[in-house]
Every structure is written in structure tokens, then in C-alpha cells.
Amino acid sequence: MDWGNVTAEELVDALKEVEWSMPPRPLAEFFAKFTIPKSRAKWNSRFKCNLYYYRTNYFILVTLILVIGFIRNPLALIAVSLAGLSVACLNDSFAVAVSDRLTRLARRVSPPLAAKSGVRGRPLKGTVHICGRDRRYIISCIFAISALLWFLSSAFITVFGALAVGITLSWAHASFRTPNLKARLNSFREEFRAVWRGYSNA
């Protein structure tokens with residue numbers, strides 16, 4: 001595969017189609033040989049080849065730096081989790097599933113309190129409720145708590161700082177790691193598989 005002629009859109013499409021479940025490349029190979037690219041065209045080809053070949057390593061690197069950031073600032077993890085939960089609850093099936101689990105938990109812990117608070121197992125027809133309350137009210141409360149925690153914990157600095165460090169390190173590695181023969185052969189194999197899948201589906 002001539003990586004110099006691969007556009008950014010084609011690279012993104014290729015990364016969407018490849019298997020991300022494959023194990024990362026060994027560290028001895030990951031840190032084997034670094035050189036400065038001699039031209040912009042060489043850098044362009046090298047960067048795309050390395051990004052494709054070491055994709056799992058870069059994903060793990062960014063995730064590891066995020067984990068380190070959350071370990072140093074646990075409150076930021078709670079803020080991010082609550083923000084994710086509030087967004088996920090916008091999905092009807094997810095909100096109903098959360099409501100069912102919370103309802104079962106409330107009835108198991110304290111049935112009288114659950115009955116007094118109006119917790120219902122099934123939402124009203126045409127609406128989505130979480131534990132008997134309007135979903136919009138629950139999402140607003142979760143989002144407000146999340147926003148407060150984002151402010152108090154400086155979660156923006158933790159999250160975006162970790163992402164910036166992880167992406168910068170990945171960019172530097174992809175720019176200066178000399179592609180080996182194995183990486184080139186792998187790209188040819190992946191290209192052959194893509195062509196074969198297209199031929200088989202035709």
C-alpha cells in the first residue's frame with residue numbers, strides 16, 4: 001500500500017473497518033528504531049503507516065494516560081461518569097433498563113420507602129420515567145451534579161490535558177518511528193483482506 005497516496009478520509013475509513021480486537025504490538029518493536037523523516041512526503045507516508053499499524057498501542061497509550069489522570073483526580077472520574085450517564089439516559093431503552101434496575105434495588109432495600117416515594121416498575125404509556133419520575137427531571141439533576149463536579153474537580157483540565165498528552169505522544173511516535181518490513185507487509189495483508197471482502201460481497 002502506498003501510504004503517501006492515501007487520503008485522510010481513506011485512512012479513517014480503513015481504521016473503521018479493521019479489527020480493533022487484535023493485541024498490541026510488542027514493546028520491543030514499538031520502541032525499536034526512530035529516525036527523522038527526510039521529507040514531508042516521507043513523514044506523511046510514515047505517519048499514516050504507523051497510525052494504521054500501531055493503532056491498538058496508541059489507543060492503550062491514550063487510555064493509560066487518562067487512567068493516570070483519573071487516579072490523580074478521582075472526582076473528575078465521577079464527574080465524567082455522571083455526564084456520560086445523563087447522556088445515556090436520553091436513550092429510551094437505556095433509561096427504561098436503568099429504571100427497572102433501580103426499582104428492583106429500591107424494593108429489595110426498602111419496600112415501604114419505595115412504595116411511599118411512588119417508585120413504579122413500568123413507565124406510563126407514552127412517556128419515559130426513571131423510578132416513577134419524569135426522565136427529564138432525573139437527567140437535569142444528574143447533569144447539574146455533574147456540572148458542579150466538573151467545576152470543583154477541574155475535570156476539564158484532567159480530561160483534555162490527558163488527551164492532549166496521549167495524542168501528542170502518539171503523534172510523535174507515529175512521526176519518528178521508522179516503519180519496518182513487518183508493518184508494510186501487514187498493510188498489504190489488510191489491503192488484500194479488504195479487497196477480498198469486497199469481492200466476496202459482490
Quick check: is Leu64 connected to Leu27 through a chain of hydrophobic side chains (ILVMFWY, heavy atoms under 4.5 Å apart)? no
Would Val80 and Phe151 show up in the same hydrophobic cluster when neighbours are defined by side-chain heavy atoms closer than 4.5 Å? no
With a cut-off of 3.5 Å and sequence neighbours excluded, list every side-chain donor-acceptor pair involving residues 140-147.
unit_1	atom_1	unit_2	atom_2	d
Ser140	OG	Arg136	O	2.7
Ser146	OG	Ala79	O	3.0
Ser146	OG	Ala83	N	3.4
Ser146	OG	Trp150	NE1	3.3

Residues two or more places apart in sequence or in another chain: which of them pass side-chain contact (heavy atoms from CB on, under 4.5 Å) with [X]?
X: Ser39; value: Ala41, Lys42
X: Trp171; value: Trp43, Phe47, Ser175
X: Ile60; value: Pro24, Thr56
X: Ile65; value: Leu61, Ala162, Val165, Leu169

Interatomic spacing from [atom1] in [X] to [atom2] in [Y] - rounded to 0.5 Å:
X: Leu85; Y: Ile78; atom1: CG; atom2: CD1; answer: 13.0 Å
X: Leu105; Y: Asp100; atom1: CG; atom2: CG; answer: 12.5 Å
X: Leu66; Y: Ile71; atom1: CG; atom2: CD1; answer: 11.0 Å
X: Ile68; Y: Thr63; atom1: CD1; atom2: OG1; answer: 11.0 Å
X: Ile167; Y: Phe160; atom1: CD1; atom2: CZ; answer: 10.5 Å
X: Thr35; Y: Phe176; atom1: OG1; atom2: CZ; answer: 9.0 Å

Would you check if [X] and [Y] make a side-chain contact, meaning some heavy-atom pair closer than 4.5 Å?
X: Val159; Y: Phe70; answer: yes
X: Ile138; Y: Asp134; answer: no
X: Arg55; Y: Leu51; answer: no

The complete set of side chain to side chain donor-acceptor pair (under 3.5 Å) pairs with one or both residues in residues 65-81, sequence neighbours excluded, reads Asn73-Thr158
Looking just at side-chain N and O atoms, do Tyr54 and His173 make a donor-acceptor pair shorter than 3.5 Å? no
Do Ser99 and Arg104 have a side chain donor and acceptor closer than 3.5 Å? no
Do any N or O atoms from the side chain of Arg25 and from the backbone of Asn57 form a donor-acceptor pair under 3.5 angstrom? no
Geometric class of the Phe31/Phe34 ring pair [parallel <30°, tilted 30-60°, perpendicular >60°]: tilted
How about Phe94: does its CZ atom have over 12 heavy atoms from other parts shown lying under 6.0 Å from it? yes
Should we say atom CD1 of Ile157 is surrounded by more than 12 heavy atoms from elsewhere, each under 6.0 Å from it? no
For residues [X] and [Y], report the shortest heavy-atom separation together with the two atoms involved.
X: Ser86; Y: Ile139; value: O-CG2, 3.8 Å
X: Cys89; Y: Ala95; value: O-CB, 3.5 Å
X: Glu29; Y: Arg177; value: O-NH2, 2.7 Å

